[in-house]
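Okay, structure first, notes after.
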There are 2 protein chains.
Amino acid sequence: MSCCSEEKSKLIEEIGVRFEQVHQLAPLAARIYAIMILSPKDGHTFDEILSITSASKSSVSTHLNHLLQLKKVEYFTKPGDRKRYFRASTYYLKNTLEEYHVNISDEIKLIDKIINFNKTNNTQKFQNTGQIALLFREYLESQKVNIENVINKMSKIEI
Amino acid sequence: MSCCSEEKSKLIEEIGVRFEQVHQLAPLAARIYAIMILSPKDGHTFDEILSITSASKSSVSTHLNHLLQLKKVEYFTKPGDRKRYFRASTYYLKNTLEEYHVNISDEIKLIDKIINFNKTNNTQKFQNTGQIALLFREYLESQKVNIENVINKMSKIEI
DNA sequence: TGTTTAGTTCGGTATTTCCCGAACCAATCA
DNA sequence: TGATTGGTTCGGGAAATACCGAACTAAACA
């Protein structure tokens, strides 16, 4: 990474590592997303991303397009300027919460299947651990509601 | 997968795919963990796991040991029987919540760094998105408290 | 004391992931 | 109209991951 302060470079790496897992991104895609989040409002050009990441044009192109497709990144243009200026999607935090919401809904569906399976096939086991499983399920439900509330609050903020 | 009902096999796969991501496990490790969760109280022997997964002894050994080390799986023995009987850790749901708790704490630390960075380096951007970021942070805090409460409730249940 | 049981360890290989360079293209510029 | 700019596409290769077979070990059995 060149073209960055020491602090920014380190933060890009730290966010990058996390985003690989949370958002299921390739390392370079996660770094690019991190760069966007730490970027000024007017974004970065393709070439700037090239020099910050010191990756190849092809890789930057591929991963940037992937991020665009996922709506994690967006771009805008300036009149009389062929370049595109890339930045994190204005709603990336809200979108992240929406991802979390889908995730939790899936997890609830799955734990319901597990609870049901053990209830009918492992009756003895269920007597012991069933209560815990139901508590876990309640937890997921309340997380879901919590997320919905925060999404609503976010929707009311003008950007 | 042999030795299982159609329903159980499908559920093992479904849980497996999810656990690869959630718990960062290799496919076979995730399948074994899934099997444990859907197992009767008295667990499964090494050979039973072999025949359910139709994987090699070496792979089962390696991944089972990994799961033991992570405390996701435990085993017990029966007097006069050299075999070990493997099952999901009695506290696996509580342990899962504790994992989530650590994860959220890390995420809070990270978002604080991001908020701070943008506050001082991208002042203009922060004016727009700062409020959203703070809402996101609040959300994380409340998730954390929520998890703590559920862990406490779980601790009070006798198994 | 030789054999079976219940696994473990090690070296290797198939597969997948991730990234790169080179060639290419479409729009603009000179 | 030929060169430059701002990318895209494609084939390939290095590295990491996931799994396997074969040889091994330690305890127990016969």
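Atoms considered below: every heavy atom in the structure, side chains included; atoms not considered: hydrogens, waters and symmetry mates. Here is how names work: the chains are called A, B, and so on, in the same order as the sequence lines, proteins then strands, and each is numbered from 1.
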(Q) Pair B:Glu20, B:Arg31 - check salt bridge (Lys or Arg N to Asp or Glu O under 4.0 Å), show working. (A) CA-CA 9 Å; B:Glu20 285 179 45; B:Arg31 302 303 175 277; 3.0 Å; yes
(Q) If I compare all heavy atoms of B:Phe46 with all of B:Leu64, which pair ends up nearest, and what's the gap? (A) CD1-CD2, 4.0 Å
**Q.** Presence of B:Ser61 side-chain N/O under 4.0 Å of C:dG7 phosphate oxygens OP1/OP2
**A.** no
Q.
Checking A:Thr62 against A:Ser59: is there a side-chain donor and acceptor pair closer than 3.5 Å?
A. no
Q) Nearest-Å distance, CG (B:Leu50) to C1' (C:dG7)? A) 10 Å
Q: Write down the atom of B:Gly16, the atom of B:Ala34, and the distance for their closest heavy-atom approach.
A: N-CB, 4.2 Å
Q. Under 3.5 Å, is there a donor-acceptor pair between the A:Asn146 and B:Ser142 side chains?
A. yes
Q: Send over the distance from B:Gln21 CD to C:dT17 P, rounded to a whole Å.
A: 12 Å
Q.
Tell me the interatomic distance from B:Leu64, atom CG, to C:dG7, atom C1', rounded to whole angstroms.
A. 10 Å
Q: For residues 104-115 of chain A, pull every pair meeting side chain to side chain donor-acceptor pair (under 3.5 Å), keeping only residues two or more places apart or in separate chains.
A: A:Glu107-B:Tyr100, A:Asp112-A:Arg137, A:Lys113-B:Glu14
Q | Position toward the 5' end of DNA chain D (nearest nucleotide), B:Val60 or B:Lys57 | A | B:Val60
**Q.** Residue B:Ala26, side-chain atoms from C-beta onward, closest of C:dC20, D:dT8, D:dC19
**A.** D:dC19
Q) Can you tell me how far P of C:dC19 sits from CG of A:Leu25, to the nearest Å? A) 11 Å
Q) Rounding to a whole Å, what distance do you find between A:His44:NE2 and D:dG7:C1'? A) 18 Å
Q. Roughly, in whole Å, what's the span from CD in A:Glu48 to P in D:dT5?
A. 16 Å
Q | Gap between atoms CG and C1', on A:Leu67 and C:dC18 respectively (whole Å) | A | 15 Å
Q: May I ask you to verify if any side-chain N or O of B:Ser59 is less than 4.0 angstrom from the OP1 or OP2 atom of D:dC20?
A: yes
Q. Would you say C:dC19 has OP1 or OP2 under 4.0 Å from some side-chain N or O of A:His63?
A. yes
Q.
From the set C:dT8, D:dA18, C:dC19, return the single nucleotide nearest to any side-chain atom of B:Phe46.
A. C:dT8
Q: Indicate whether OP1 or OP2 belonging to D:dG21 is found under 4.0 Å from a side-chain N or O atom of B:Ser58.
A: no
Q. So which of residues 77-88 of chain B are in contact with DNA chain C, with a heavy-atom cut-off of under 4.0 Å?
A. B:Arg82, B:Lys83, B:Arg84
**Q.** Integer-rounded Å distance: D:dT8 P and A:His66 NE2
**A.** 15 Å
Q.
Distance to the ring centre below 6.0 angstrom and angle to the axis at most 45 degrees; does that hold for B:Lys72 and B:Tyr92?
A. no
